[in-house]
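Below: the structure, in structure tokens.
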Amino acid sequence: MAKMKVEEQRKQRTKMSGALMLIEALKAEKVEVIFGYPGGAVLPIYDKLYDSGLFHVLTRHEQGAIHAAEGYARISGKPGVVIATSGPGATNIVTGLTDAMMDSIPLVVFTGQVASNVIGSDAFQEADVLGITMPITKHSYQVRDIQELPRIIKEAFHIATTGRPGPVLIDIPKDMTTAEGEFDYEQDVHLPGYQPTVHPNHLQIRKLVEAVSQAKKPVILAGAGVLHANASKELRQYAEQQNIPVIHTLLGLGGFPANHPLFLGMAGMHGTYTANMALYECDLLINIGARFDDRVTGNLKYFAPNATVAHIDIDPAEIGKNVPTKIPIVSDAKEALKELIHQDGKRPDITAWLAQLAEWKTNYPLAYENDVQTVKPQKLIEMIYELTNGEAVVTTDVGQHQMWTAQYYKFNRPHRWVTSGGLGTMGFGLPAAIGAQLADKQATVVSIVGDAGFQMTLQELSVIQELNLPIKVVIVNNQSLGMVRQWQEIFYDKRYSHSLVPNQPDFVKLAEAYNIKAFRAKTEEEAKEVLKQAFSLSEPVLLDFHVKADENVYPMVAPGKGLHEMVGVKPCEESLQ
Amino acid sequence: MRRIITMTVNNRPGVLNRITGLFTKRHYNIESITVGHTEIEGISRMTFVVNVEDERIAEQITKQLNKQIDVLKVNDITDQAIVARELALIKVAVNSAVRQEIYTLIEPFRASVVDVSRDSLVVQVTGEPEKIEALIDLLKPYGIKEVARTGTTAFTRGSQKNAASYKTPFII
């Protein structure tokens, strides 16, 4: 009887165009903001968007749109939504898709496609977007039948946000946006080939509890999986309960409070001495939601050589991929931690280990040589940290400024740190800040970028000005491609092949051209002054800090070396000798 | 080491592309692929033969394949009791003098001649890849004009003689 009724309702449902279905689906998904750029193939969608009431941000480049969506997703935890047109619109989002794939960011991306009847004919603005994006998306669709559109959108949102999050692409031929079909969004998702394991295996949890109780030198390596699972609270509870020190990956920062006594800092190429030595010396390594990236592990031959490795990850393929794992736990980080806390195993006796770690912490802290005549980039980050009480949302590009920010901005809260980790994308920081600010309108958003990366997406200043987003754009200006320059100095005999850019534009004038307030600083005193001024304003401000051009990021693990072979651990003392 | 991996997938456009793309991306070398419908509508079955360095990579392949949304089930059946078959068509150069000789040659292989012309004949053979290799070797001296092979398709046997040898990488 009830079934009959549903059938009848379905029959009565009015037909609508594919474009309108898309709008209705976005409303049903409670999408707050869409980042996009119109074009021929998506005109029917944009026509329906016009009076839909949905908030759309017109970025000035599709790359800006997708990085903004990533920034939005990283802060809100909700999927970022992007619309791009066919051909060049779609190929412009390739970088962002890869970035989101590498860092497990939930996105639902709609690309226009030429009409079905000309697909494959090399039509105007046609590109094989499905083929291009297959390896860089979690899943992708091309709509071939209008009746499939609602199901596809529903599945896309489900796939993007569950399990290990990631970008999902829907390629929509133009005729599918004008064709009419019945819109039925009240359907269940049925994907037998996609059933993420959320709850941990009890036996494996017991094994870990047992291993912890026996451990002499345990350590937790926590990655972004902790943040995706909203498991910061549980991580802290577990670490405190078992008294196990915690190390973060670059993307995990903020998952565990940086000022906590059990925190050892970031691991990897530019990690702290304590974190890296702890990874080298530990006898039990509990990886929670990190994927053992090569920038974290250094040479695998010397990575945690004496440790029993336990790995908690929602993606089974990550377990054992790079590092042989004794205790595999396929699970959502939160669920696994909850189970571990519930088990409340015997606390390991690790007094000697904690003493060793404390000694390293005291003797080998992050350090730099101070110089008030210039703006020291490390000092700059520290000043920003103090001015914002460590509460700001910080976005960066990739390179030296990114590493200094990771080292010197102490993230005590989750979801405050937005950086391109896996792909290392220049031009990411500025558009990501737009998305982050829209996700958290009350937050102080600081976009720390290099002078080189900034120029890859600086046209998005337009959006910041137009929406009057009070983002503080901080340019760490060393008139070079800093990290490239650093590598050329160390590994290529100071042959600075195309990494020095002494003739950068006047960034202050540039900002003014976009009607954005801007200041420049060349000494520490000036830096202090302009920072104070900038953060007192509730409007966008661009700050151009001329820092010492030959400053390097230390400590450092050279490629091919083990984590215990760091150099520049104490640059302060070294330079004094 | 050679691994035989079978899987069932949704029969959707682009699925094979997705799978082979994954192999390319991860630098796994495919020896052969066979694809065909299953007894269930809309679901296809694929058999892969891959050559990998060690068990860890074999496990990684299985896991990566499992991550594909359109992949329903993946099995590495290498260590199980299986039936593995391949079909080959071999065009051999012949003249009237050796034609009869070829017939007797292929008989123990239970191969058959499926086409005859004045100067060639086509032999059809099915069996394990090693058997096909052996037949090709045997026919080589006569002059092989063309070979078409399907690649291995495989199945687990109805009863597993030694079920304990069936290995899962770990409990999930």
Side-chain angles (χ1 to χ4, degrees), chain A residues 98 101 119 128 130-145 148 152 155-156 158-160 162-164 166 168 171 189-197 199-205 207 311 313-331, chain B residues 3 5-28 30 33 35 38-46 48 50 52-76 167-172:
Chain A
T98 319
M101 185 69 174
I119 288 180
D128 174 16
L130 209 63
I132 292 168
T133 60
M134 228 173 238
I136 52 169
T137 49
K138 186 172 173 186
H139 194 54
S140 52
Y141 296 91
Q142 188 174 59
V143 184
R144 290 167 189 241
D145 174 356
E148 288 186 347
I152 287 175
E155 285 179 7
H158 176 73
I159 293 168
T162 52
R164 179 178 181 178
V168 180
D171 196 37
V189 173
H190 178 65
L191 292 167
Y194 177 69
Q195 305 288 335
T197 308
H199 295 282
N201 177 288
H202 189 67
L203 214 75
Q204 299 298 99
I205 289 282
K207 268 193 204 164
H311 190 166
D313 207 301
I314 195 145
D315 180 356
E318 286 305 336
I319 300 174
K321 187 181 79 177
N322 297 335
V323 174
T325 303
K326 187 93 173 281
I327 308 171
I329 301 176
V330 181
S331 165
Chain B
R3 309 296 299 187
I5 297 166
T6 63
M7 52 186 187
T8 45
V9 301
N10 285 325
N11 185 0
R12 288 206 182 129
V15 171
L16 185 62
N17 201 349
R18 239 174 247 288
I19 307 295
T20 52
L22 184 149
F23 277 75
T24 313
K25 176 186 169 188
R26 306 246 170 216
H27 221 88
Y28 306 141
I30 307 170
I33 299 182
V35 191
T38 61
E39 70 285 3
I40 305 160
E41 206 191 314
I43 292 175
S44 293
R45 185 184 171 84
M46 295 187 184
F48 285 89
V50 285
V52 295
E53 269 170 48
D54 50 35
E55 228 159 280
R56 202 165 62 87
I57 295 178
E59 183 187 313
Q60 186 57 213
I61 290 179
T62 313
K63 286 171 163 182
Q64 292 294 345
L65 288 169
N66 248 321
K67 269 171 76 167
Q68 295 291 326
I69 311 273
D70 282 326
V71 170
L72 304 173
K73 199 172 170 59
V74 184
N75 274 317
D76 184 339
K167 282 187 284 190
T168 36
F170 50 73
I171 304 152
I172 293 172

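In what follows, every heavy atom counts, from backbone to side chain, and hydrogens, waters and symmetry copies are set aside. Every chain is numbered from 1 and lettered A, B, ... according to where its sequence line falls, protein lines coming before strand lines.
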Taking B:Arg56, B:Lys73, B:Gln64 one by one, which has the highest count of heavy-atom pairs under 4.5 Å against chain A? B:Arg56

Pick one of side chain, backbone, both or neither for B:Ile69, based on which atoms fall under 4.5 Å of a heavy atom in chain A. both

Is B:Asn66 close to chain A through its backbone or its side chain, or both, or neither, when contacts mean heavy atoms under 4.5 Å? backbone

Roughly how far, to the nearest 0.5 Å, is CZ of B:Arg18 from CG of A:Leu130? 6.0 Å

Only pairs of heavy atoms separated by less than 4.5 Å count here; which of A:Ile329, A:Leu191, A:Thr325, A:Ile159 has the most with chain B? A:Ile159

With side chains defined as the heavy atoms from C-beta onward, is the minimum distance between B:Lys67 and A:Lys138 less than 4.5 Å? no

One pair to check against side chain to side chain contact (heavy atoms under 4.5 Å, CB included): B:Leu22 and A:Met134. What are the steps and the verdict? CA-CA 9 Å; B:Leu22 184 149; A:Met134 228 173 238; over 6 Å; no

Taking all atoms of both residues into account, what is the closest heavy-atom pair of A:Gly193 and B:Leu72, and its distance? N-CD2, 3.6 Å

Looking at B:Glu53, I want to see if its CD is surrounded by more than 12 non-hydrogen atoms of other residues, nucleotides or ligands under 6.0 Å. no

Just by modelled atom types, is the A:Ile319 backbone N or O under 3.5 Å from a matching donor or acceptor in the B:Lys63 side chain? yes

